[in-house]
Amino acid sequence: FPSLLPLQSMDGLKVVLATRPVRVVAVLYDGYELLDLFGPLELFAAANMIHYGRCFKLSFVSASGTALVATSGSPRVVVDGSFQDLKPGDADVLFVPGGNGGFHLVESPAFVSKLHDVAATAHVTLSVCTGSLLLASTGLLDGRRATTNKLDHEDIAARRPGVCWDATARWACDGSFWTSSGISAGTDMAVAFLSELISHRAARCACAIAEYEAFEEGNVDPFHDARRRLFDNPRTAAPLSLAWSTPRLHPVRVRILMYDQVEMLDTFGPLEMLAVAGREHADANPDAEPLFDVRAWAEFPQVASFGGPTLVADATFADLDLSALGGGPGEQVECDLLLVPGGIGTIRELHNPAFLRVLAAAGPRAKKVMSVCSGSALLAEAGLLDGRRATTNKMSYQQLTALGTAGHGRVTWVPNARFVK
């Protein structure tokens with residue numbers, strides 16, 4: 001009998017999903033865009049949770065071959081191997097995020113050649129933002145419809161004129177290649193991808209778990225005229241200036257409390273906003289200090305995110321000075337913003353004296369404390385929300401507001417709020 005060649009694109013992927021989890025391989029490099037990666041992966045993780053881990057098997061490879069990949073203002077990511085070690089067919093889905101670091105990779109013949117070989121044999125290749133430039137550099141998008149970040153659209157289209165660039169699409173699908181517009185558009189593309197691969201209901205359930213409202217019209221990007229609005233309008237063409245109510249003596253000190261099974265979007269959604277603001281500040285003030293100093297704290301040197309990669313802490317709890325007055329030999333816990341993300345691991349940390357001790361020490365010394373999702377239950381357990389209004393994850397609202405001291409009437413929980421300040 002003649003050999004049966006694997007079907008490319010979604011048809012082949014559906015055949016794979018009927019027999020085993022789909023192998024998704026994400027190509028990471030220093031300077032990748034946070035939300036390009038972690039927005040879509042959050043929805044893949046939610047789909048896995050709905051289907052008991054049977055949908056996707058995620059792995060992460062480094063374009064440079066290093067064991068860790070970094071991007072400014074974020075915890076480092078532990079990768080599973082080197083991109084150059086991948087063989088054609090190793091990836092059912094190849095995932096290519098964008099980011100400023102990618103502009104250097106298009107100048108690497110070895111990287112472009114490997115990307116061509118792996119993408120050409122994957123059932124589906126997903127790219128987000130300027131990741132489409134990397135994909136276009138292989139020649140695989142020539143003659144195909146694709147889109148990219150709208151702020152960089154003109155430059156990228158000029159670099160690769162053989163691609164049928166769509167200047168107004170939120171995302172585009174042509175054969176086995178899916179490309180999206182900038183940053184958050186990748187998460188919308190992931191919703192459409194899940195809808196086609198599994199079902200519309202599964203995609204909507206994943207969005208509900210992530211509390212994410214997607215743009216479902218791929219042909220219309222509400223940000224398609226972003227460049228004109230930002231740069232062609234004389235009133236907004238001046239460099240961005242960031243005003244401060246008081247003089248800034250140092251970069252804004254942002255500290256993240258991480259733990260095993262922390263939620264990806266809880267962590268990297270806020271960090272994406274800080275990263276964008278930091279880049280704008282650097283562009284407008286090239287000689288100034290960085291706007292943010294971001295460091296991650298955890299009980300152990302590495303933590304596993306829920307459904308995603310392993311993350312590296314910048315300091316462990318043992319490295320911190322938790323004394324009442326501070327000034328000891330460890331890292332000081334005073335900061336400007338303390339970020340406490342949520343995640344399935346919340347349940348364990350509610351009963352972890354080491355975590356609660358750090359939170360109880362660092363919270364009062366932070367100028368601002370921000371929690372996401374079930375992170376508010378941790379704040380309540382540490383006594384930081386006593387006498388205050390707060391909200392939390394809506395799908396688990398009843399359970400979270402009844403956990404520990406959170407259910408003892410010391411917090412006024414607001415069930416309908418998107419956020420509470």
Side-chain angles (χ1 to χ4, degrees), residues 24-44 58-64 69 71 74 77 79 83 86 91 93-108 111-120 122-142 144-157 159-160 162-167 169-193 218 221 223 268 272 275-276 279 308-309:
V24 179
V25 179
V27 185
L28 303 187
Y29 48 87
D30 287 348
Y32 72 93
E33 196 72 32
L34 293 173
L35 203 58
D36 287 15
L37 175 71
F38 292 107
L41 294 193
E42 178 71 27
L43 296 186
F44 292 175
L58 273 61
S59 61
F60 305 87
V61 294
S62 165
S64 63
V69 175
T71 199
S74 169
V77 171
V79 298
F83 181 52
L86 279 185
V93 174
L94 182 65
F95 189 96
V96 186
N100 287 341
F103 288 97
H104 303 292
L105 288 175
V106 297
E107 308 299 330
S108 168
F111 174 82
V112 172
S113 175
K114 174 60 72 171
L115 183 61
H116 175 280
D117 293 346
V118 177
H123 291 288
V124 168
T125 298
L126 305 174
S127 76
V128 180
C129 193
T130 55
S132 58
L133 173 62
L134 297 176
L135 196 55
S137 298
T138 67
L140 291 171
L141 294 184
D142 286 353
R144 295 183 180 274
R145 176 173 170 262
T147 194
T148 190
N149 183 299
K150 298 306 182 286
L151 292 177
D152 294 306
H153 183 272
E154 292 181 6
D155 174 57
I156 289 176
R159 289 184 183 217
R160 302 299 306 186
V163 180
C164 302
W165 296 105
D166 190 329
R170 184 71 170 163
W171 72 86
C173 175
D174 192 331
S176 62
F177 300 101
W178 294 56
T179 56
S180 85
S181 186
I183 307 180
S184 63
T187 310
D188 295 335
M189 179 180 69
V191 175
F193 173 77
D221 187 353
F223 303 99
F268 296 103
E272 172 67 30
V276 172
R279 286 200 300 269

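In this chain, numbering begins with 1 at the start of the sequence shown.
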### Interatomic distance, Thr148 atom OG1 to Ile156 atom CD1 [nearest 0.5 angstrom]
3.5 Å
### Query
Quick one: CG on Leu133 to CG on Leu141, what's the gap to the nearest 0.5 Å?
10.0 Å
### Task
Look only at the side chain of Lys114 and the backbone of Ala63, and say whether a donor-acceptor pair between them is shorter than 3.5 Å.
no
### Message
Looking at every heavy atom in both Tyr29 and Gly99, which two are closest together, and how far apart are they?
### Response
OH-N, 3.4 Å
### Query
Which distance, rounded to the nearest 0.5 Å, do you find between the CE of Met189 and the SG of Cys129?
10.5 Å
### Task
Check the angle between the aromatic planes of Phe193 and Phe44 and answer parallel, tilted or perpendicular using the 30° and 60° thresholds.
tilted
### Query
Given the rule in the side chain to side chain contact (heavy atoms under 4.5 Å, CB included) test, do Leu41 and Phe268 qualify, once you have shown the distances and angles that lead to the verdict?
CA-CA 11 Å; Leu41 294 193; Phe268 296 103; over 6 Å; no
### Query
With a 4.5 Å limit on heavy-atom distance, are the side chains of Pro97 and Phe38 in contact?
no
### Task
Could you tell me whether the side chain of Thr71 and the main chain of Asp30 form a donor-acceptor pair under 3.5 Å?
no
### Query
Counting N and O atoms only, with roles assigned by atom type, does the side chain of Tyr32 sit under 3.5 Å from a partner on the main chain of Asn100, one being a donor and the other an acceptor?
no
#### Entry: Minimum heavy-atom distance Ala136-Trp165, with the two atoms named
CB-CZ2, 4.0 Å
### Task
Can you measure from CZ (Phe95) to CG (Leu37) and round to the nearest 0.5 angstrom?
5.5 Å
### Message
To check you understand the geometry: which heavy-atom pair defines the closest contact between Ala120 and Leu140, and what is its length?
### Response
N-CD1, 3.9 Å
### Least distance between heavy atoms, Leu105 atom then Val112 atom
O-CG2, 3.9 Å
### Task
State, to 0.1 Å, how close Val79 and Ser62 come at their nearest heavy-atom pair, and which atoms those are.
CG2-CB, 3.9 Å
### Task
Report yes or no: do Ser181 and Asp221 form a side-chain donor-acceptor pair below 3.5 Å?
yes
### Query
Would you call Arg145 and Asp166 a salt bridge, taking side-chain N to carboxylate O under 4.0 Å as the test?
yes
### Task
Using atom types as modelled and distance alone, determine if a side-chain donor or acceptor of Thr138 lies under 3.5 Å from a backbone N or O of Leu135.
yes
### Query
Just by modelled atom types, is the Phe177 backbone N or O under 3.5 Å from a matching donor or acceptor in the Thr125 side chain?
no
### Query
Looking at CG of Leu134 and CZ of Phe103, how far apart are the two atoms once the value is rounded to the nearest 0.5 Å?
8.5 Å
### Query
What distance do Asp188 atom CG and Ile183 atom CD1 have between them, rounded to the nearest 0.5 Å?
12.5 Å
### Side-chain donor or acceptor of Thr147 paired with backbone N/O of Thr179 under 3.5 Å
no
### CA sep, side-chain torsions, deciding dist, call: Leu28, Val61, side chain to side chain contact (heavy atoms under 4.5 Å, CB included)
CA-CA 6 Å; Leu28 303 187; Val61 294; over 6 Å; no
### Query
Where does the angle between the aromatic ring planes of Phe83 and Phe111 fall among parallel (under 30°), tilted (30 to 60°) and perpendicular (over 60°)?
tilted
### side chain to side chain donor-acceptor pair (under 3.5 Å) assessment of Ser184 paired with Arg170
CA-CA 10 Å; Ser184 63; Arg170 184 71 170 163; 3.1 Å; yes
